[in-house]
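Encoded as structure tokens, the structure appears first; notes follow it.
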Amino acid sequence: MLDIRFVCDNRKKIEKAMKNRGMKISLDDLVSLDKARRESLKEVEELKHKRNNSSEKIAVLKREKKDAGNLIKEMQEVSRRIKEMDTEVKKVESKVREFLLTLPNIPHDSVPVGKDLKENKVVREDLSNKKAFDFEPREHADIGESLDIMDIPSAVKLAESRFVMLKGKGALLERALMRFMLDEQIKNGYLEVMPPLLVNKKAMTGTGQLPKFEAELYRCRDDELYLIPTAEVPLTNIHSGQILSEDRLPLKYVACTPCFRREAGSYGKDTKGLIRNHQFNKVEIVKFSKPGDSYDQLEGLLSDAEGILKLLKIPYRVVLLCTGDMGFGAAKTYDLEVWMPGENNWREISSCSNFTDFQARRMNIRHRDADKSVSFIHTLNGSGLAAGRTFAAVLENYQAKDGTVDVPEVLRPYMNGLERIDR
RNA sequence: GGAGAGGUACCCAAGUGGCUGAAGGGGCGGGUUUGCUAAACCUGUAGUGGGGUGUAUACCCUAGCGAGAGUUCGAAUCUCUCCCUCUCCGCCA
């Protein structure tokens with residue numbers, strides 16, 4: 001959410017930013033709505049002032065056993081008017097808020113302007129671990145099924161399409177990845193958390209999933225609770241409503257959780273294997289930062305995520321998203337993409353974003369400066385990494401000609417010393 | 001799920017319609033005195049959101065006693081709805 005004052009004072013800037021995101025938005029209504037809000041508010045507060053004074057006078061009169069009838073009569077009318085105006089002000093306020101909740105964040109100046117993913121910028125790449133295959137590398141779903149470590153038909157029978165069941169060494173590999181990635185992020189100074197996987201509406205609104213993206217969420221029938229689409233939601237909401245003291249910042253959290261996404265509107269896309277599922281495991285890292293150094297913190301968070309791929313020895317590149325491809329709440333986003341030799345393509349495996357004060361304003365997370373003034377903090381998050389997609393990347397990059405898969409060295413301690421996955 | 005008790009500031013807590021724009025403790029900040037790992041006394045302690053005036057410092061108004069609605073000239077206090085916490089019972093990994 002953007003600050004209403006900032007929006008009103010910087011219309012040109014906002015409208016340009018929205019245009020860069022590929023949105024056509026006019027702020028005329030919002031600005032006049034807010035003007036009306038301020039005028040009514042001033043008027044009603046003056047009436048309230050009058051009422052407060054008169055109430056006191058009435059109290060004094062009554063105590064002195066004098067007649068207060070006239071004043072009471074007068075105040076009846078004032079009170080009626082206050083009630084009327086309060087309703088009006090509230091209506092306008094909620095309209096303003098509703099509008100603000102649908103406005104995305106303003107992209108940072110360093111973000112390239114562009115229409116879609118074709119205009120994203122590759123910032124750097126590390127191909128030192130890219131292998132030359134002397135055979136035609138296969139896709140991960142193919143490898144997984146022939147090794148009998150991925151069972152899609154069973155998962156579909158139990159749930160529906162876009163679910164997968166891992167078995168045996170596959171389940172072990174997934175668990176190893178989760179533990180390895182968690183341990184690394186803990187080493188990087190993040191505090192591990194096991195959060196609720198179901199959260200309420202307020203939390204979903206805080207991070208920006210609601211109200212705009214309700215169709216992406218699984219919702220409980222009898223309770224006002226939603227399955228988390230990412231641990232970003234519970235982690236970022238940990239400090240909602242709080243004023244954090246500056247010496248605690250940055251706060252860093254990590255969680256490994258299943259994530260649930262309806263993937264509405266992606267029918268027919270990435271239907272094979274582990275790339276786009278309704279349920280997947282992900283290690284998420286979140287930072288609460290002072291406003292001043294959030295962009296430095298973003299670089300750090302990115303390299304924390306990147307470190308996993310370096311250790312796993314998987315070729316990857318860092319992509320800076322352009323304005324048209326960036327998520328709703330982000331001011332700046334780097335994607336980490338891994339090389340998938342079977343698919344002969346790059347795949348997003350992590351998305352690291354600075355949300356600036358966009359989420360903090362929704363959640364009301366603030367900090368106290370050295371000069372005692374209070375301001376919104378900045379939130380950041382990134383995957384470190386998505387386990388399912390990392391699983392796929394390991395299969396494709398570590399496959400051998402005979403259909404087996406080597407276990408990356410760093411994972412072996414987590415897999416009871418297992419060096420190779422075979423049948 | 002059933003029954004009961006609660007939710008007041010950083011914490012504990014008093015408070016059933018108007019000198020409560022919230023008593024009293026504790027904690028924390030400042031001060032005084034005596035002096036040694038501190039005590040006693042004095043004093044401050046509603047932060048914040050919103051609106052306005054002014055501009056380096058400020059001031060005024062308004063909201064705020066779990067949340068929302070209602071009654072009333074006036075609500076922490078009365079009524080309703082919801083949320084949360086605790087205790088007992090039931091169920092349960």
Side-chain angles (χ1 to χ4, degrees), chain A residues 1-9 30-101 194-206 210 219-226 234 237-248 258 288 291 357-377:
Chain A
M1 191 161 70
L2 303 174
D3 178 45
I4 179 67
R5 281 202 178 253
F6 182 80
V7 173
C8 290
D9 295 346
L30 184 71
V31 171
S32 57
L33 217 57
D34 187 58
K35 201 172 161 227
R37 176 185 73 93
R38 278 210 284 260
E39 277 164 11
S40 315
L41 197 61
K42 198 180 165 199
E43 199 181 329
V44 75
E45 284 189 354
E46 275 162 13
L47 287 177
K48 282 179 182 172
H49 180 49
K50 191 173 173 188
R51 182 178 69 183
N52 285 345
N53 283 338
S54 299
S55 291
E56 209 168 311
K57 275 183 208 153
I58 291 169
V60 172
L61 286 175
K62 291 242 168 178
R63 225 175 290 131
E64 293 169 355
K65 306 263 192 252
K66 288 181 188 160
D67 178 47
N70 287 339
L71 199 48
I72 288 176
K73 205 166 263 173
E74 191 189 329
M75 283 306 109
Q76 279 174 344
E77 175 55 21
V78 170
S79 265
R80 195 194 56 76
R81 180 81 186 124
I82 287 174
K83 199 174 284 179
E84 208 173 84
M85 293 197 65
D86 261 345
T87 316
E88 183 56 27
V89 167
K90 263 183 201 157
K91 220 196 277 175
V92 175
E93 269 173 356
S94 73
K95 266 192 199 162
V96 168
R97 185 176 162 84
E98 258 168 56
F99 188 95
L100 288 175
L101 283 176
M194 283 197 188
L197 305 181
L198 287 163
V199 302
N200 58 33
K201 197 171 191 169
K202 198 175 169 197
M204 283 294 184
T205 307
L210 290 176
R219 196 184 54 228
C220 293
R221 192 190 62 190
D222 293 330
D223 301 283
E224 186 72 52
L225 291 169
Y226 302 80
N237 275 285
I238 288 175
H239 294 293
S240 67
Q242 297 184 351
I243 298 179
L244 305 165
S245 62
E246 194 165 70
D247 52 11
R248 293 178 67 192
F288 298 82
D357 59 2
F358 186 84
Q359 295 179 325
R361 186 171 290 106
R362 286 170 165 243
M363 288 180 287
N364 202 21
I365 308 179
R366 294 166 295 171
H367 82 292
R368 202 176 293 278
D369 295 319
D371 69 351
K372 294 202 170 172
S373 68
V374 170
S375 59
F376 290 110
I377 53 102

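Chain A is the first sequence line, chain B the second, and so forth, proteins listed ahead of strands; every chain is numbered from 1. In what follows, every heavy atom counts, from backbone to side chain, and hydrogens, waters and symmetry copies are set aside.
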* Structure fact -> Scanning both residues in full, the closest heavy-atom pair of A/Leu30 with A/Leu100 reads CD2-CD2, 4.0 Å
* With RNA chain B as reference, determine whether A/Lys73 or A/Val60 sits nearer its 5' end, using the nearest nucleotide of each. =>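 Counting from the 5' end, the first nearest nucleotide belongs to A/Val60.
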* **Polar side-chain contact A/Glu45-B/G52 base: donor and acceptor under 3.5 Å** => no
* Asked: Using a cut-off of 4.0 Å on non-hydrogen atoms, how would the nucleic acid contact of A/Leu41 be classed: base, sugar-phosphate, or nothing?
  ->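 Sugar-phosphate: the residue A/Leu41, judged by heavy atoms under 4.0 Å, touches backbone atoms but no base.
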* Reckon A/Arg37 touches a base, only the sugar-phosphate, or nothing at all at heavy-atom distances under 4.0 Å? -> sugar-phosphate
Phosphate OP1/OP2 of [N] contacted by [X] side-chain N/O (<4.0 Å):
{"X": "A/Lys83", "N": "B/U71", "answer": "yes"}
{"X": "A/Arg366", "N": "B/G49", "answer": "yes"}
{"X": "A/Ser54", "N": "B/G74", "answer": "no"}
{"X": "A/Arg368", "N": "B/G47", "answer": "no"}
{"X": "A/Arg5", "N": "B/G49", "answer": "no"}
{"X": "A/Arg38", "N": "B/G52", "answer": "yes"}
{"X": "A/His49", "N": "B/C61", "answer": "no"}
{"X": "A/Asn52", "N": "B/A63", "answer": "yes"}
{"X": "A/Lys90", "N": "B/A69", "answer": "yes"}

* Asked: Given A/Ser240, which of A/Arg362, A/Gln359, A/Met363 fulfils the side chain to side chain contact (heavy atoms under 4.5 Å, CB included) condition?
  -> A/Met363
* Asked: When you look at CG of A/Asn70, are more than 12 heavy atoms from neighbouring residues, nucleotides or ligands closer to it than 6.0 Å?
  ->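 Counting neighbours around CG of A/Asn70, 12 or fewer heavy atoms of other residues, nucleotides or ligands fall under 6.0 Å, so no.
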* To do: For nucleotides B/C83 and B/A23, find the distance between their C1' atoms and express it as a whole number of Å.
  => 29 Å
